[in-house]
K.L.:
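This structure is in structure tokens; I'll ask about it shortly.
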Amino acid sequence: MTPFTTLTSRAVPLLRDNVDTDAVIPSREMKSTGRTGLADGLFAPWRYLDAGREHGARAPDPEFPLNRPEASGAQILLTGANFGCGSSREHAVWALGEYGIRCVIAQSFAPIFRANCIRNGLLPVALPEAVIAAMAWQDVTVDLPAQNVRCGAAIHRFEIEHEPRQMLLEGLDAIDLTLKSLPAIEDWTSNDRKARPWVYLGV
Amino acid sequence: MTVSNTKTLFEKIWDAHHVAYTGTGASLIAIDRVFLHERTGAAALKSMAAASRPVRDPARVFAVMDHIVDTRPGRGDGTLMKGGSAFITETRAAAKAAGITLFDVNDRDQGITHVISPELGIVLPGVTLVAPDSHTCTQGALGALAWGIGSSEAEHAMATGVLRLDRPKTMRITYKGRLAPGVTAKDMILALIAAHGAGGGVGHVVEFAGEAVRALDVEARMTLCNMATEFAAMTGIIAPDAKTFEYLAGRRYAPENFGEPYWHTLKTDEGARFDREIEIDAAALAPMVSWGTSPEHAMPVDGTVPQGPARAHEYIGLAAGVKLLGTPIDVAFIGSCTNARLSDLRRAAALLKGRRIAPSIRKAMVVPGSSAVKRAAEAEGLDKVFTEAGFEWRASGCSLCFFAGGEHFPDGSRTMSSTNRNFEGRQGPGIRTHIASPETVVASALAGSIADPRELVR
Ligand code: SF4
């Protein structure tokens with residue numbers, strides 16, 4: 001996983017509340033059983049005028065923020081409350097990542113989406129509505145080591161728990177890290193097997 | 001750390017599964033059960049295989065075909081979704097290779113994950129269960145800590161037997177009094193989300209309690225917990241009681257009986273503290289219907305549409321201040337992990353018996369939550385009641401709870417749906433979804449427009 005330290009980019013506003021993962025990547029845009037090939041379907045119903053078109057290139061809606069010329073190459077998305085609600089599909093994070101978004105700044109996040117971000121090197125930052133609105137179309141620096149977001153002269157601190165912060169900063173693979181604790185897990189399991197035999201379905 | 005020795009049910013389960021602290025202060029929490037479905041299962045299993053990571057305990061991992069399986073008669077691996085078959089065949093192959101239990105397309109036990117897990121006794125009080133599906137919270141109704149995760153976390157749970165978690169906060173929602181006739185568990189959860197917002201439960205495990213919750217049968221409790229994710233909670237949970245134990249005893253993966261004292265410790269101690277408490281007067285609730293594009297846009301069926309975001313009014317085609325009652329609908333759908341269990345179908349059929357849906361309804365469908373529900377309903381003749389009333393009767397699956405391409409409702413239709421999500425495009429491009437109880441769906445199908453089920457129940 002690519003470590004996340006600091007990032008400076010134009011911040012693109014999609015200032016709506018309750019943007020759900022069906023909107024981020026509709027089910028019909030999840031065309032393969034893998035984690036790739038998703039960027040084209042990102043925000044499809046909003047991004048294209050003819051999202052349902054089956055063949056050939058779809059026509060971008062020039063009004064949609066990510067389609068505006070000043071959004072080109074942007075890596076920061078600004079949005080409202082409860083971003084990423086709905087389906088647990090990690091494809092939402094994979095699609096954002098493949099498109100080039102590395103940080104989402106929202107008023108708040110739905111929990112499964114937020115956890116998926118951490119596992120994929122995408123930084124979720126929660127800030128108040130007015131702060132977010134003021135950053136629209138500005139150049140914004142997100143500094144994870146310092147835990148702040150800077151825009152012009154303004155500096156805004158954001159909160160992130162210690163563990164997700166370390167995972168992102170070091171680009172750690174959670175499974176590799178946890179497997180280092182395997183002896184403790186095995187100990188616990190062999191005790192638990194005696195205490196709650198009904199949990200263990202194999203022999 | 002808490003000094004008192006009283007604990008909430010959540011704390012008891014959390015503490016009992018606490019394996020160790022990580023170097024950075026999170027916890028390793030043991031995971032007892034993992035459930036996969038074909039939409040995300042193949043991706044997780046294939047990615048583990050590619051990294052040469054085996055499933056640590058395959059006997060505790062289950063997979064089912066529910067999301068994109070065809071629900072028309074005589075189904076096989078084909079689906080109406082373009083490229084959909086690959087999800088089925090690849091999940092099957094990956095499940096076999098990993099040695100996990102698979103409930104395949106035409107297995108007797110096939111059905112929607114959150115319907116079959118309780119049916120088979122895979123979820124039990126006091127266990128931890130995760131699935132890469134947000135409605136895993138449904139299973140908290142049995143007294144388990146059950147929640148939805150992403151694919152990477154599912155891989156993590158299968159490869160290590162634990163998840164790395166920060167401890168969530170706790171919230172208790174107490175429903176006082178008794179529900180009025182025609183008002184259901186679906187209305188209880190919609191009323192909560194309407195009052196406290198679609199983000200209202202963020203960061204919390206929510207315990208549902210109170211007289212109205214105790215009075216619900218086990219299946220209705222699943223409806224209540226099902227939409228904890230629509231409240232942004234990590235999950236919902238209900239303490240197991242005699243009804244729960246009676247429901248589970250002797251099911252295939254469950255103990256024969258729950259006589260051991262341990263099971264009866266699985267409840268919140270008197271005096272235990274929650275980070276937040278909410279009280280709701282259940283007796284004052286009316287049947288609820290969503291008017292907009294978020295579950296928080298829900299209102300009493302006999303009210304007037306409140307002012308919401310302009311986009312929501314525009315998408316749904318209803319201005320603030322208008323009445324919902326009498327709004328013409330095109331489609332009636334009864335299905336999903338929210339409201340397609342046997343008790344839901346029985347209540348819907350009881351209202352439909354001997355009647356016919358309005359001729360203006362362009363499509364009406366019932367999709368049982370599991371193959372077992374389908375068989376049981378047919379044994380009681382419910383399928384006949386539905387088809388004689390004008391509903392299509394299908395095989396089990398998620399079906400048009402969501403749009404995967406392929407099969408869809410007539411373009412731009414307004415649907416009354418017993419499902420859990422009314423997002424833009426959730427049931428297909430341009431489809432306007434109103435979510436409600438099966439009773440309200442039936443009343444509206446009969447009237448051809450949004451209707452109050454209390455008129456029928458009286
Ligand atoms: S029925 Fe709907 S909400 Fe439930 S698991 Fe299937 S798609 Fe998800």
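In what follows, chains carry the letters A, B, and so on, assigned in the order in which the sequence lines appear, proteins first and then strands, with residues in each chain numbered from 1.
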K.L.:
List the steps, then state whether side-chain contact (heavy atoms from CB on, under 4.5 Å) holds for Glu296(B) with Cys85(A).
P.N.:
CA-CA 12 Å; Glu296(B) 74 183 24; Cys85(A) 61; over 6 Å; no

K.L.:
Non-hydrogen atoms of chain A under 4.5 Å away: do they reach the side chain of Ala16(B), the backbone, both or neither?
P.N.:
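Only the backbone of Ala16(B) comes within 4.5 Å of chain A.
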
K.L.:
Where does Ile112(A) contact chain B at under 4.5 Å (heavy atoms): side chain, backbone, both or neither?
P.N.:
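When you check distances to chain B, only side chain atoms of Ile112(A) fall under 4.5 Å.
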
K.L.:
Can you tell which of Ala20(B), Ala42(B), Gly148(B) has the highest number of heavy-atom pairs within less than 4.5 Å of chain A?
P.N.:
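Most heavy-atom pairs under 4.5 Å with chain A: Gly148(B).
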
K.L.:
Based on non-hydrogen pairs under 4.5 Å, which of Asp166(B), Val127(B), Leu124(B), Ile68(B) is most in contact with chain A?
P.N.:
Asp166(B)

K.L.:
For Asp57(B), which atoms come within 4.5 Å of any heavy atom of chain A: side chain, backbone, both, or neither?
P.N.:
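Contact with chain A: side chain only.
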
K.L.:
First locate atom OG1 of Thr33(A), then atom CZ of Phe87(B), and finally report the distance between them rounded to the nearest 0.5 Å.
P.N.:
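Between atom OG1 of Thr33(A) and atom CZ of Phe87(B) there are 6.0 Å.
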
K.L.:
Hey, which residues of residues 38-50 of chain A are touching chain B, say heavy atoms under 4.5 Å apart?
P.N.:
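Those residues of residues 38-50 of chain A which have a heavy atom under 4.5 Å from chain B are Trp46(A).
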
K.L.:
Check whether Ser32(A) gets within reach of chain B through its side chain, its backbone, both or neither, counting any heavy atom under 4.5 Å.
P.N.:
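Contact with chain B: backbone only.
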
K.L.:
Kindly determine whether Glu90(A) and Thr40(B) satisfy side-chain contact (heavy atoms from CB on, under 4.5 Å), including the steps that lead there.
P.N.:
CA-CA 9 Å; Glu90(A) 199 158 319; Thr40(B) 47; over 6 Å; no

K.L.:
Heavy atoms only: give me the nearest Arg33(B)-Val199(A) pair and the separation to one decimal.
P.N.:
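Scanning both residues, the minimum pair turns out to be NH1-O, 2.7 Å.
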
K.L.:
Are Leu28(B) and Trp188(A) side-chain neighbours, meaning at least one heavy-atom pair lies under 4.5 Å?
P.N.:
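A side-chain contact under 4.5 Å is absent here.
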
K.L.:
Looking only at heavy atoms, which of residues 161-174 of chain A get nearer than 4.5 Å to chain B?
P.N.:
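If one takes a 4.5 Å heavy-atom cut-off, the residues of residues 161-174 of chain A near chain B are Glu161(A), His162(A), Glu163(A), Pro164(A), Gln166(A), Met167(A), Asp173(A), Ala174(A).
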
K.L.:
Can you tell which part of Ser108(A) gets under 4.5 Å to a heavy atom of chain B, answering side chain, backbone, both or neither?
P.N.:
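Contact with chain B involves no heavy atom of Ser108(A) at all.
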
K.L.:
Of the backbone (N, CA, C, O) and the side chain (C-beta and beyond), which part of Leu182(A) lies under 4.5 Å from a heavy atom of chain B, both, or neither?
P.N.:
side chain

K.L.:
Heavy-atom pairs under 4.5 Å with chain A: which of Gly41(B), Ala404(B), Gly199(B), Gly425(B) has the most?
P.N.:
Ala404(B)

K.L.:
Is chain A contacted by the side chain of Ala233(B), its backbone, both, or neither, given a heavy-atom distance below 4.5 Å?
P.N.:
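Looking at Ala233(B), just its backbone touches chain A.
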
K.L.:
By a 4.5 Å heavy-atom criterion (distance strictly below it), what part of Ser151(B) contacts chain A: side chain, backbone, both, or neither?
P.N.:
both

K.L.:
Run the side-chain contact (heavy atoms from CB on, under 4.5 Å) test on Thr160(B) and Ile175(A) for me, step by step, so that the C-alpha distance in whole Å, both residues' side-chain angles and the decisive distance to 0.1 Å come before the verdict.
P.N.:
CA-CA 7 Å; Thr160(B) 67; Ile175(A) 298 180; 4.1 Å; yes

K.L.:
Side chain from CB out, backbone as N, CA, C, O: work out which of these in Val19(B) comes under 4.5 Å of a heavy atom of chain A, or both, or neither.
P.N.:
both

K.L.:
Using heavy-atom distances under 4.5 Å, tell me whether Phe113(A) contacts chain B through its side chain, its backbone, both, or neither.
P.N.:
neither

K.L.:
Can you name the one residue among Tyr262(B), Phe258(B), Tyr253(B) that meets ring-ring contact (aromatic ring centres under 6.0 Å, His included) with Trp198(A)?
P.N.:
Tyr262(B)

K.L.:
Please check if the side chain of Glu424(B) supplies one atom and the backbone of Ala23(A) the other of a donor-acceptor pair under 3.5 Å.
P.N.:
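It does not hold such a pair.
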
K.L.:
For Ser47(B), is it the side chain, the backbone, both, or neither that has a heavy atom closer than 4.5 Å to a heavy atom of chain A?
P.N.:
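Contact with chain A: side chain only.
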
K.L.:
About how many Å separate CD1 of Ile31(B) and CD1 of Ile185(A), when rounded to the nearest 0.5 Å?
P.N.:
10.5 Å

K.L.:
Pick whichever of Glu260(B), Lys46(B), Glu155(B), Met81(B) has the most heavy-atom pairs under 4.5 Å with chain A.
P.N.:
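Heavy-atom pairs under 4.5 Å are most numerous for Glu155(B).
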
K.L.:
Assess whether atom NZ of Lys169(B) is packed by more than 12 heavy atoms of other residues, nucleotides or ligands within 6.0 Å.
P.N.:
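Check fails, neighbour count at 12 or below.
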
K.L.:
Please classify the contact of Arg421(B) with chain A as side chain, backbone, both or neither, using a heavy-atom distance under 4.5 Å.
P.N.:
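Arg421(B) touches chain A through side-chain heavy atoms alone.
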
K.L.:
Determine the sole option in Met30(A), Arg89(A), His91(A) for which the side chain to side chain contact (heavy atoms under 4.5 Å, CB included) test with Arg39(B) is passed.
P.N.:
Met30(A)

K.L.:
Locate the shortest heavy-atom distance separating Phe109(A) from Val202(B); write the atom from each residue and the value.
P.N.:
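Looks like O-CG2, 3.5 Å.
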
K.L.:
In terms of heavy-atom pairs under 4.5 Å, which option from Leu165(B), Thr91(B), Asn420(B), Ile149(B) contacts chain A the most?
P.N.:
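Looking at each of Leu165(B), Thr91(B), Asn420(B), Ile149(B) in turn, Ile149(B) comes out on top.
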
K.L.:
Any idea which of Thr189(A), Thr178(A), Asn82(A) has the most non-hydrogen atom pairs under 4.5 angstrom with chain B?
P.N.:
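Winner by heavy-atom pair count: Thr178(A).
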
K.L.:
Given Phe402(B) and Ser87(A), is the side-chain contact (heavy atoms from CB on, under 4.5 Å) satisfied, shown in steps?
P.N.:
CA-CA 10 Å; Phe402(B) 78 116; Ser87(A) 161; over 6 Å; no

K.L.:
Step by step, would you call Glu186(A) with Arg56(B) a salt bridge (charged side-chain N to carboxylate O under 4.0 Å, His left out)?
P.N.:
CA-CA 11 Å; Glu186(A) 277 170 350; Arg56(B) 269 196 88 226; 3.5 Å; yes

K.L.:
Main chain of Arg426(B), side chain of Asp22(A): is a donor-acceptor contact present, judged purely on distance under 3.5 Å?
P.N.:
no

K.L.:
Give, as side chain, backbone, both or neither, the part of His17(B) having an atom under 4.5 angstrom from any heavy atom of chain A.
P.N.:
both

K.L.:
So for atom CD, which belongs to Gln147(A), do other residues, nucleotides or ligands contribute more than 12 heavy atoms lying within a distance under 6.0 Å?
P.N.:
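Check passes, neighbour count above 12.
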
K.L.:
With rounding to the nearest 0.5 angstrom, report the CZ to OG1 distance, Arg16(A) to Thr293(B).
P.N.:
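Here the interatomic distance stands at 10.0 Å.
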
K.L.:
Who in residues 63-77 of chain A is close to chain B, using a strict under-4.5 Å heavy-atom cut-off?
P.N.:
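Listed by number: none.
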
K.L.:
Look only at the side chain of Ser88(A) and the backbone of Pro132(B), and say whether a donor-acceptor pair between them is shorter than 3.5 Å.
P.N.:
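Side chain of Ser88(A) to backbone of Pro132(B): a pair is present.
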
K.L.:
If every non-hydrogen atom of Leu201(A) is compared with every non-hydrogen atom of Phe62(B), which pair is closest and at what distance?
P.N.:
CD1-CZ, 3.7 Å

K.L.:
Does a side-chain N-to-carboxylate-O contact under 4.0 Å join Asp17(A) and Arg311(B)?
P.N.:
no

K.L.:
What are the residues of residues 114-122 of chain A, in order of number, with any heavy atom under 4.5 angstrom from a heavy atom of chain B?
P.N.:
Asn116(A), Arg119(A), Asn120(A)

